[in-house]
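Just so you know, these numbers use all the heavy atoms, side chains as well, and skip hydrogens, waters and symmetry mates.
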Amino acid sequence: MNNPILPFSKGTLAVVGSLLLLLVLIGSRKSPPTASPKSPLTESAACRFALASINGTAPIDTEIARQQAAIRDGSTAGLERLGWTFVKKARVTFDASYYRLAEQCAQCMEASGAKGPDTLLLSAHALQSLHRFSEAEAVARELVSTRERPFDYGVLGDVLIDQGKVREGAAAYQKMMDLRPDLQSYARAAHVRWLTGDLNGAIELMNLAVTGSSPNDPETAAWAYTRLSLYQLQQGAMKPALDSCNVALDLKNDYAPAMLARGRILLALHRPADAVLDLQRAAELNPLPEYQWALADALALTGARDRAQQVETQLMDRGAVEDPRSFSLYLATRGANIEQAVDLAQHEFTSRQDVLTHDALAWSLAVAGRTAEAQLQASRALSEGTVDARLFLHAGIIAALNHDNAQAKLLLRKASRIQQMLWPSERVQLETWRQKSKSNTKE
């Protein structure tokens, strides 16, 4: 058996919710047998959706069209491969609609008689990526009861952790680690270390992960280096963090997560004009609330307030659809549309109860004046021992609102130590509340 993910009991493990190397399956999977002439490719709605032509001229679009044409000729052999190609397309374009097409491929496989573990794995991954966690868990549990491969336990662990079921998710990840210690396992173990407050351990394991990366899979390698850069930034190692981002962007040009991370580092180095260049491009490629929030803050620091307002207008138009949890955090931080911020966080909470969702709910409730409820959620957000500036900031302010000045000072001090992880507007908020805390102490 391999060494455990953490140097303590399996019950304290947790894991990142992302399956980044499942694309290996695209090239390595053996093709299932050809379907019979009676295959319901035209009778199943899922098959019709999966085989509908899509627009696009990129190489991956050509590959999708080729695979669809082969399947339309009467064979179901390529359905699984097509599903994973849609997953790849979703990652390349940051467009979740392709995960829905991957789900349709899994349903088409089932309609065509392929109801085995390969179908279950594709289905569980698509559902997890679409944040349909309860459905994904049921499929993933069926999968691991059918066979025991690393990716099977990986998707189960992802889904469990997203729902806040840390102990169960940890057990699934330990099995994954025992079966195959590789980039995927190391990256997940690194997240476990970070989630439970061991930043040095996270960096050590993430270094192992990037060492195991391959130029044949530049997207996964770029993702790994980007994660490493964020851990290094939290540690205060600015130059290594920048170096890691640069490696990620050398591996995959225009990789939005790496540009967002480099923009964050440049903001921490008080170089907002340089940060804008990265954040502008990152937000163009992946216009999610967190990206646009970062860009708006950076633009404001450079004095380009009109441009910042334009970005925030775009954020307000689409944020609730693109990423409800992050949009809720943004609204609460800005003190805008508070009722909507609470509604969005509460809706997210119905499907996942991880520490980040507890935090989003706590923060929106606090800004809405529901401070007692906010305190309960903030305590749960800190329950895993996560060292995170945003969690500390929100919990500190909530403690102050509940007149617990000693706890407020402690938490705000913790946030201040790693404030490089906050966006500029959050740092302003941190300083404001630290000053209030000091004034309360004097009184």
Side-chain angles (χ1 to χ4, degrees), residues 94 96 131 226 229-230 233-234 245 255-345 347-348 355-357 359-364 366-368 381 388-394 397 415 418-433:
F94 304 101
H131 293 186
T226 302
S229 75
L230 293 173
L233 174 61
Q234 182 168 327
C245 282
Y255 185 56
M259 285 186 285
L260 178 67
R262 191 164 67 180
R264 188 190 291 269
I265 297 165
L266 292 169
L267 285 172
L269 291 170
H270 307 290
R271 295 165 54 186
D274 292 332
V276 164
L277 297 177
D278 276 324
L279 295 173
Q280 178 78 51
R281 181 57 179 155
E284 290 171 358
L285 292 166
N286 193 15
L288 292 176
E290 194 79 16
Y291 286 68
Q292 293 175 321
W293 183 356
L295 175 59
D297 275 11
L299 286 168
L301 283 179
T302 66
R305 297 194 177 277
D306 288 344
R307 288 178 60 198
Q309 185 56 54
Q310 291 172 2
V311 173
E312 296 205 48
T313 299
Q314 295 170 8
L315 201 170
M316 294 293 288
D317 287 343
R318 294 287 302 168
V321 175
E322 299 294 344
D323 184 354
R325 185 173 69 184
S326 293
F327 188 53
S328 173
L329 287 165
Y330 166 80
L331 289 175
T333 300
R334 290 292 195 262
N337 297 1
I338 303 306
E339 185 176 341
Q340 183 185 18
V342 173
D343 288 344
L344 289 169
H347 186 267
E348 282 290 291
V355 297
L356 300 180
T357 308
D359 171 63
L361 182 55
W363 188 225
S364 64
V367 178
D388 180 82
R390 184 176 279 172
L391 299 191
F392 290 149
L393 171 63
H394 295 163
I397 294 174
I418 50 173
Q419 63 179 285
Q420 67 269 23
M421 304 306 294
L422 298 171
W423 296 131
S425 56
E426 294 176 301
R427 285 183 225 160
V428 171
Q429 211 166 37
L430 171 61
E431 183 58 28
T432 298
W433 279 93

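- Residue Ala381 comes nearest to Leu391 through the heavy atom pair O-CD1, 3.6 Å, listed as atom of the first residue, atom of the second, then distance.
- In terms of heavy atoms, Leu361 sits closest to Ser364 at O-OG, 3.0 Å.
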Would Thr333 and Trp363 satisfy side chain to side chain donor-acceptor pair (under 3.5 Å), going step by step from the backbone distance to the final call? CA-CA 8 Å; Thr333 300; Trp363 188 225; 3.1 Å; yes

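- By the neighbour-count criterion of 12 heavy atoms within 6.0 Å, atom CG of Asp306 is sparsely surrounded, having that number or fewer from other residues, nucleotides or ligands.
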Test side-chain contact (heavy atoms from CB on, under 4.5 Å) applied to Asp323 and Glu290, step by step: CA-CA 9 Å; Asp323 184 354; Glu290 194 79 16; 5.5 Å; no

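- Put simply, CZ on Arg318 and CZ on Phe327 are 11.0 Å apart, with the number rounded to the nearest 0.5 Å.
- Contact between Asn337 and Leu331 at its shortest, heavy atoms only, is O-CD1, 4.0 Å.
- Put simply, CG on Asp388 and NE2 on His394 are 9.0 Å apart, with the number rounded to the nearest 0.5 Å.
- At least one donor-acceptor pair under 3.5 Å links the side chain of Asp297 to the backbone N or O of Ser425.
- Shown here for Leu315 and Gln292, the closest heavy-atom pair between the two residues is CA-OE1, 3.3 Å.
- Of all heavy-atom pairs between Ser229 and Ala261, the closest is OG-CB, 3.7 Å.
- Asp278 places none of its side-chain heavy atoms less than 4.5 Å from the side chain of Leu260.
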From CA spacing to verdict: side-chain contact (heavy atoms from CB on, under 4.5 Å), Leu299, Leu279: CA-CA 9 Å; Leu299 286 168; Leu279 295 173; over 6 Å; no

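- Of all heavy-atom pairs between Ala308 and Ala300, the closest is CB-N, 4.0 Å.
- Residues Tyr255 and Leu285 have side chains not in contact (no heavy-atom distance under 4.5 Å, counting atoms from C-beta outward).
- Between the CG atom in Leu266 and the CE atom in Met259 there is a gap of 12.5 Å [rounded to 0.5 Å].
- In this structure, CD on Gln429 lies 7.5 Å from OG1 on Thr432, to the nearest 0.5 angstrom.
- Taking the side chain as every heavy atom from C-beta outward, Gln314 and Leu295 never approach each other to under 4.5 Å.
- With a 4.5 Å cut-off on side-chain heavy atoms, Pro257 and Phe94 count as touching.
- More than 12 heavy atoms of other residues, nucleotides or ligands lie within 6.0 Å of CZ in Arg334, so this atom counts as buried by the packing criterion.
- Note: His347 NE2 to Ser328 OG = 12.5 Å, rounded to the nearest 0.5 Å.
- Once rounded to the nearest 0.5 Å, the distance linking CE of Met316 with CD of Gln340 reads 6.5 Å.
- Under a 3.5 Å cut-off, the side chain of Arg264 and the backbone N or O of Met421 do form a donor-acceptor pair.
- Within the 3.5 Å criterion, the main-chain N or O of Ile265 finds no donor-acceptor partner in the side chain of Gln420.
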side-chain contact (heavy atoms from CB on, under 4.5 Å) between Arg307 and Gln280, worked out: CA-CA 11 Å; Arg307 288 178 60 198; Gln280 178 78 51; 3.0 Å; yes

